[in-house]
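First the structure, in the form of structure tokens, and then the observations on it.
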Amino acid sequence: MAPPAKRHRTQRTKIQVVKERFTKFQTKYLTTEFAERLVFDPSLLWVSAILLLVGELFVNVLVIQHIPYTEIDWIAYMQEVEGVVNGTWDYSKLKGDTGPLVYPAGFVYFFTILYYITNYGKNIRLAQYIFCGIYLITLALVFRIYSMSRKIPPYMLVFICCTSYRIHSIYVLRLFNDPVAMMFLYCSVNLFMEGYWTLGSVFYSFAVSIKMNILLFAPALLLAYIASQGLYGTLKQLSICAVLQILLGAPFLLANPMAYLIGSFNLGRVFLFEWTVNWRFLSEEVFIHPGFHVTLLLLHLLLLAMFAKPWFRYMENFAKLQPTGVGIVSQLFLLPLFTANLIGVAFSRSLHYQFYVWYFHSLPYLLWSTPYSIWLRLCILGFIEMCWNTFPSTYASSAMLHVCHFLIICGIFSRRHPTKDLNIDIKKDK
């Protein structure tokens, strides 16, 4: 009779172990306090990130299946790369329904791959699912940035995912090249944060080769190179960026160098007034006047100069503290980078609706770098979304967009010097 009793005691002991583990789990996680941390604690942002990524997969599938696709540039993209497929390397001869090819060589190579995958661009539904993948990859990269920096609370991820119809539309219903460029940009940012400067430069340069707007990040990135890599290292990274551009553009440069340089890196390009989001309150005559473009460029450079000194101080501190491996140190790198891009967007000669992706995912970070109350931050975010969803743009929507940009830039400028709070957070993180 002894053995059965022993088995009974063993069985009872296992049950007790399970109960004890469940009790510990319940005490630690199934509490109001932990639920609040999931909503407000930046260190637990990764939990919300995983859940939202899964949710976004289903949302995008539903959008693709039930909302009609709108043709804008996809056919033109395919026509442009088809010229290269057929053996034309002269940029002046590459055209689509919307006009001549105006993007660098990386665009041609990436969309040539899509050209073949989508049956010469005819399988739009497959292209939509590919862009769904691009959207999810971008979102994962952005969430990783936010998780490492511990700057914003987890509940803000809901605003990033669930409040912008325009962003979902740009990715999976319009198939623009802007999301592709931003995906490679955010990949490079993740690499820079981890200290992989050379690989980060490769991805950054490839992002530039998709679309030139990525150069808006360049002023802050240059300061990061100087502060962390020194003069020799900076020259090395700039050389990597330049060599990649030359290699990518080589076939076009050999065929017609001036046509490629003027076509793909045209800084004097004049946009159509009918599509502008940010300057609707101006007359078309003022909008297309060269003097207006020069004024915007000078204001852009002036503001960059005003931020340069504090940015360099941020980057120096980032270079010193990055070897500690503390994720929150990345705040010193991210704020100058995102602010430089915002300044570029604010002083752009024209913003089209797809350009929203240039800075949408960085807006929460920028707003949480201002001294404003949470409600004012959310209101600014809401007004920006409203401006980008007003079609066609109006005097009021364009003016409001500038007001929002002005408030964010002023808020960041008022806190341009590194604060003691960051040092306190670093000690806690250790």
Side-chain angles (χ1 to χ4, degrees), residues 45-74 77-78 103 106-107 110-111 113-115 117-118 121 123-148 152 154 156-191 203-204 206-207 209-211 213-214 217 338 341 345 351-365 381 384-385 388-389:
L45 182 142
W46 62 272
V47 179
S48 301
I50 292 173
L51 295 175
L52 287 169
L53 278 172
V54 174
E56 279 285 6
L57 173 61
F58 291 101
V59 168
N60 278 274
V61 170
L62 289 174
V63 169
I64 292 170
Q65 292 294 330
H66 297 287
I67 300 179
Y69 161 79
T70 303
E71 172 54 41
I72 298 180
D73 280 342
W74 173 258
Y77 291 167
M78 295 297 102
Y103 306 116
F107 163 86
F110 189 89
F111 277 84
I113 295 172
L114 297 184
Y115 173 82
I117 293 176
T118 59
N123 192 339
I124 302 293
R125 183 54 55 86
L126 177 57
Q128 287 182 277
Y129 278 109
I130 291 172
F131 272 78
C132 172
I134 291 171
Y135 174 74
L136 293 174
I137 291 171
T138 303
L139 211 55
L141 292 168
V142 171
F143 286 171
R144 187 177 185 276
I145 290 170
Y146 281 150
S147 181
M148 287 186 65
I152 68 169
M156 280 307 301
L157 299 190
V158 176
F159 287 87
I160 293 175
C161 292
C162 305
T163 61
S164 183
Y165 169 79
R166 176 68 65 188
I167 292 298
H168 288 86
S169 172
I170 291 169
Y171 275 86
V172 299
L173 297 179
R174 304 292 190 272
L175 312 183
F176 290 113
N177 64 330
D178 305 78
V180 180
M182 294 309 298
M183 177 182 68
F184 285 105
L185 180 278
Y186 286 122
C187 185
S188 72
V189 172
N190 275 272
L191 291 167
F203 275 88
Y204 177 80
F206 191 76
S209 75
I210 300 291
K211 193 159 187 179
N213 70 286
I214 305 300
F217 295 89
F338 289 162
N341 183 55
V345 170
L351 294 175
H352 293 181
Y353 286 94
Q354 66 267 31
F355 297 178
Y356 193 17
V357 300
W358 292 5
Y359 74 145
F360 171 77
H361 292 106
S362 65
L363 284 174
Y365 190 95
L381 196 64
I384 290 175
E385 179 68 21
W388 284 97
N389 278 285

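Since the structure is predicted, the reported quantities are computational estimates derived from the model, not experimental observations. All residue numbers refer to positions in the sequence shown, counting from 1.
- The shortest non-hydrogen separation linking R166 to W388 is NE-O, 3.0 Å.
- In this structure, CD1 in I50 is found 10.5 Å from CG in L52, a value given to the nearest 0.5 Å.
- Looking only at side-chain heavy atoms (C-beta outward), M183 and Y186 stay at 4.5 Å or farther from each other.
- The two residues A207 and A181 come nearest to each other via the heavy atoms CB-O, 3.5 Å.
- The distance from the CG atom of L136 to the OH atom of Y171 is 10.0 Å, given to the nearest 0.5 Å.
- To the nearest 0.5 Å, the span separating CD1 on I67 from NE2 on H168 amounts to 9.5 Å.
- Side-chain atoms of Q354 do not come within 3.5 Å of backbone N or O of V357 as any donor-acceptor pair.
- In this structure a side-chain-to-backbone donor-acceptor pair under 3.5 Å is present from N190 to L141.
- Pairing each heavy atom of F131 with each of F176, the nearest pair is CE2-O, 3.1 Å.
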*Do L173 and Y165 pass the side chain to side chain contact (heavy atoms under 4.5 Å, CB included) test, and can you show the C-alpha distance, the side-chain angles, and the key distance before you say yes or no?*
CA-CA 10 Å; L173 297 179; Y165 169 79; 3.8 Å; yes
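- Side chains of E385 and Y356: a donor on one and an acceptor on the other come within 3.5 Å.
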*Evaluate side chain to side chain contact (heavy atoms under 4.5 Å, CB included) for F338 paired with L363, printing each intermediate quantity in order.*
CA-CA 8 Å; F338 289 162; L363 284 174; over 6 Å; no
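- The side-chain heavy atoms of N341 and I214, taken from C-beta on, include no pair separated by under 4.5 Å.
- Heavy-atom minimum distance, A127 versus L175: CB-CD1, 3.9 Å.
- With respect to the salt-bridge test (charged N to carboxylate O, under 4.0 angstrom), the residues R174 and D73 do not qualify.
- A heavy-atom distance below 4.5 Å is found between the side chains of Y365 and Y146.
- Separating the SG atom in C132 from the CD1 atom in I137 is a distance of 10.0 Å, to the nearest 0.5 Å.
- Not a single donor-acceptor pair under 3.5 Å links the side chain of W358 to the backbone N or O of N213.
- Looking at Y103 and I210, their side chains never come closer than 4.5 Å, going by heavy atoms from C-beta outward.
- Contact detail for P68 and H66: the closest heavy-atom pair is CD-O, 3.9 Å.
- Using modelled atom types, one finds a donor on one side chain and an acceptor on the other under 3.5 Å when comparing Y135 with E56.
- Proximity of W74 to Y69: side-chain heavy atoms (C-beta onward) are separated by under 4.5 Å at one or more points.
- Side-chain N or O atoms of Y77 include one that pairs as donor or acceptor with a backbone N or O of N177 at under 3.5 Å.
- Here CG of N389 is found 12.0 Å from CD1 of I384. Values are rounded to the nearest 0.5 Å.
- To the nearest 0.5 Å, atom CZ of residue F58 and atom CG of residue L53 are 12.0 Å apart.
- With F184 as the fixed residue, the ring-ring contact (aromatic ring centres under 6.0 Å, His included) test singles out one of Y204, F206, F217, F107: F206.
- In this structure, the side chains of V59 and L62 stay at 4.5 Å or more apart for every pair of heavy atoms.
- At distances below 3.5 Å, at least one donor-acceptor pair connects side-chain atoms of Q128 with backbone N or O atoms of V172.
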*asked:* Before you tell me yes or no, could you show the steps for V345 and F355 under side chain to side chain contact (heavy atoms under 4.5 Å, CB included), namely the whole-Å CA-CA distance, both residues' side-chain angles and the distance that decides it to 0.1 Å?
replied: CA-CA 9 Å; V345 170; F355 297 178; over 6 Å; no
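- Here the shortest heavy-atom pairing between T118 and L126 reads CA-CD2, 4.2 Å.
- I170 places none of its side-chain heavy atoms less than 4.5 Å from the side chain of D178.
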*Could you please spell out the steps behind the side chain to side chain contact (heavy atoms under 4.5 Å, CB included) verdict for I160 and I167?*
CA-CA 9 Å; I160 293 175; I167 292 298; over 6 Å; no
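- The closest donor-acceptor contact from the side chain of T138 to the backbone of I134 lies under 3.5 Å.
- Between C161 and L139, some side-chain heavy-atom pair lies under the 4.5 Å cut-off.
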